[in-house]
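Start at 1 and go down the list; that is how both ligands and their atoms are numbered. FYI, side chains are in, hydrogens and waters are out, and symmetry mates aren't considered; it's all heavy atoms of this structure. Sequential numbering from 1 along the given sequence is applied to the chain's residues. These numbers were taken from a predicted model, which means no experiment stands behind them.
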Amino acid sequence: MERHTTLGEFIIQNQKDFPYAKGELSSLLSAIRLAGKMVNQEINKAGLAEIRGKAGQENVQGESQAKLDVLANDMFISTLKDRGEICGLASEELEDFLVFNEEKHKNANYVVLIDPLDGSSNIDVDITVGTIFSIYRRISPVGTPVTLEDFLQPGINQVAAGYLIYGTSTMLVYTTGNGTHGFTFDPGIGSFFLSHPHMKHSESGRIYSINEGNYVHFPQGIKKFIRWTQELNEEENRPFTSRYIGSLVADFHRNMLLGGVYLYPTGTTSPKGKLRLLYECNPMAFLAEQAGGKASDGYGRVMERIPTELHERAPFYCGCKTEVEKIEWFLNEEKTN
Ligand code: P6P
């Protein structure tokens with residue numbers, strides 16, 4: 001049986017793909033890999049250790065934090081800070097960004113934005129959760145303290161993005177702009193092995209993922225799209241199948257493998273959408289586009305939105321190109337009527 005390539009070997013083999021790489025991005029990805037293994041270990045024993053349930057505090061989003069949210073956040077911050085490749089980090093769990101300005105960080109070129117544990121409300125009920133990360137080159141001068149502008153870059157500036165999915169198996173999926181590749185963790189060996197090279201969205205799919213409990217709050221265009229998916233049309237392979245896990249990483253990963261589209265529209269409870277542009281939309285959009293899919297805010301490429309604040313939200317439609325374009329069509333039809 002052919003031996004699979006490890007994540008470390010893959011990164012080195014593709015070192016040339018990293019812009020301006022002097023091994024920094026490789027080292028940064030290996031730090032993320034290490035932190036992912038540590039979080040994975042904690043998640044797998046959540047039911048045993050006293051790390052389930054609420055941490056008794058709220059994050060900047062006003063959401064009550066699970067103990068594992070805090071644990072995962074701390075693990076990624078300490079592991080990434082340990083390396084000298086990043087000069088700052090922003091986390092969905094923290095109000096403000098962190099400045100890393102020890103001696104070892106003074107020549108650092110990169111910043112990381114992270115959602116340390118996405119879908120964490122699912123942990124106590126043993127449903128798949130994930131970590132999402134996004135990496136940019138700093139735009140402020142090297143050697144100076146990182147600034148807010150380094151984090152408020154459009155998604156098109158990302159140099160790398162990815163997620164860890166803690167599911168029936170644990171995987172790390174990432175892109176540096178040369179395709180989207182998936183690595184499966186072998187706990188017996190303690191390494192990630194290349195299991196899904198060049199992951200691809202099919203042109204069209206027949207799964208739609210949305211929380212239909214919010215139907216009354218959806219824009220008319222989204223209501224029309226949902227009704228469209230439910231009409232009988234054998235030629236267009238309809239009706240669709242509804243699959244919604246309540247964990248973006250899990251829904252995204254299944255839709256990329258099986259063909260589908262994920263929707264989180266605006267609504268009265270979330271007038272700008274619920275998902276965070278910097279920590280969720282942009283990294284998943286980068287991965288989707290690199291896999292031949294599409295990621296839209298309903299009217300345009302979500303990665304072209306210019307962020308104005310760290311925790312801003314955006315409507316998010318992501319997956320197979322055909323269905324994302326159908327959603328845009330319905331929303332634009334509503335706009336022009
Ligand atoms: P709702 C998790 O909080 C998350 O950000 C995504 O992972 C998930 O898809 C969505 O929110 C679930 O939101 O409102 O359907 O519970």
Side-chain angles (χ1 to χ4, degrees), residues 39 43 46 53-55 57-70 72-73 76 90-94 113-134 155 161-167 171 173 207-219 222-223 226 242-256 258 260-288 293 295-298 302 310-319 323-324 327:
V39 170
I43 285 175
K54 303 298 175 205
Q57 55 206 49
E58 283 195 346
N59 64 11
V60 64
Q61 325 287 343
E63 296 162 340
S64 63
Q65 285 179 307
K67 288 177 186 168
L68 261 175
D69 275 332
V70 177
N73 194 49
F76 274 94
S91 166
E92 187 199 284
E93 298 295 332
L94 300 175
L113 294 98
I114 196 155
D115 180 356
L117 210 53
D118 181 67
S120 55
S121 55
N122 288 323
I123 287 169
D124 290 355
V125 293
D126 236 0
I127 289 177
T128 298
V129 292
T131 296
I132 308 172
F133 62 89
S134 178
Y163 57 80
L164 285 124
I165 178 167
Y166 310 105
M171 283 189 68
V173 176
I207 295 171
Y208 73 104
S209 306
I210 187 169
N211 182 345
E212 290 193 60
N214 299 324
Y215 185 86
V216 288
H217 305 302
F218 289 155
I222 298 302
K223 291 179 179 177
I226 293 173
S242 170
R243 287 284 184 276
Y244 190 70
I245 299 173
S247 178
L248 169 62
V249 169
D251 283 315
F252 177 95
H253 189 77
R254 183 212 45 248
N255 290 347
M256 183 157 61
L258 301 183
V261 64
Y262 172 96
L263 304 88
Y264 209 103
T266 55
T268 43
T269 48
S270 42
K272 293 186 177 170
K274 174 185 181 184
L275 297 194
R276 292 79 176 183
L277 176 60
L278 299 182
Y279 308 102
E280 293 170 306
C281 302
N282 279 336
M284 302 313 271
F286 192 13
L287 290 160
S296 171
D297 61 7
V302 75
L310 271 183
H311 297 288
E312 76 180 66
R313 299 168 190 261
F316 191 55
Y317 308 101
C318 180
E323 281 72 46
V324 173
I327 291 164

Aromatic contact, Y262 with Y208 (centres under 6.0 Å): no
Those atoms of ligand 1 less than 4.0 Å from some heavy atom in N211: 1 (P), 14 (O), 15 (O)
Heteroatom distance test (D251, ligand 1): nitrogen or oxygen, under 3.5 angstrom: no
Atoms of ligand 1 close to Y244 [distance to a heavy atom under 4.0 angstrom, numbered from 1]: 1 (P), 9 (O), 10 (C), 12 (C), 13 (O), 15 (O)
Subset of ligand 1 atoms that lie under 4.0 Å from at least one heavy atom of R276: 5 (O)
Contact (N/O only, under 3.5 Å) between N214 and ligand 1: no
Donor-acceptor contact present, side-chain T128 to main-chain A250, <3.5 Å: no
D297 (side chain) donor-acceptor with F316 (main chain) under 3.5 angstrom: no
Check: L275 N/O within less than 3.5 Å of ligand 1 N/O: no
Donor-acceptor pair, side chain of R313 and main chain of K274, under 3.5 angstrom: yes
For L248, the ligand 1 atoms whose distance to one of its heavy atoms is below 4.0 Å: 6 (C), 7 (O), 8 (C), 9 (O)
Within-shell test, D118 vs ligand 1, heavy atom, strictly < 4.0 Å: yes
Atom indices of ligand 1 within 4.0 angstrom of Y262 heavy atoms, with elements: 8 (C), 9 (O), 10 (C)
S121 versus V125, closest heavy-atom pair with distance: O-CG2, 4.4 Å
Residue pair V39 / L117, side-chain heavy-atom distance below 4.5 Å: yes
Residue K274 vicinity, atoms of ligand 1 by number, heavy atom under 4.0 Å: 1 (P), 3 (O), 10 (C), 11 (O), 12 (C), 13 (O), 14 (O), 16 (O)
Heavy-atom pair of closest approach, residues E92 and H311: O-CE1, 3.8 Å
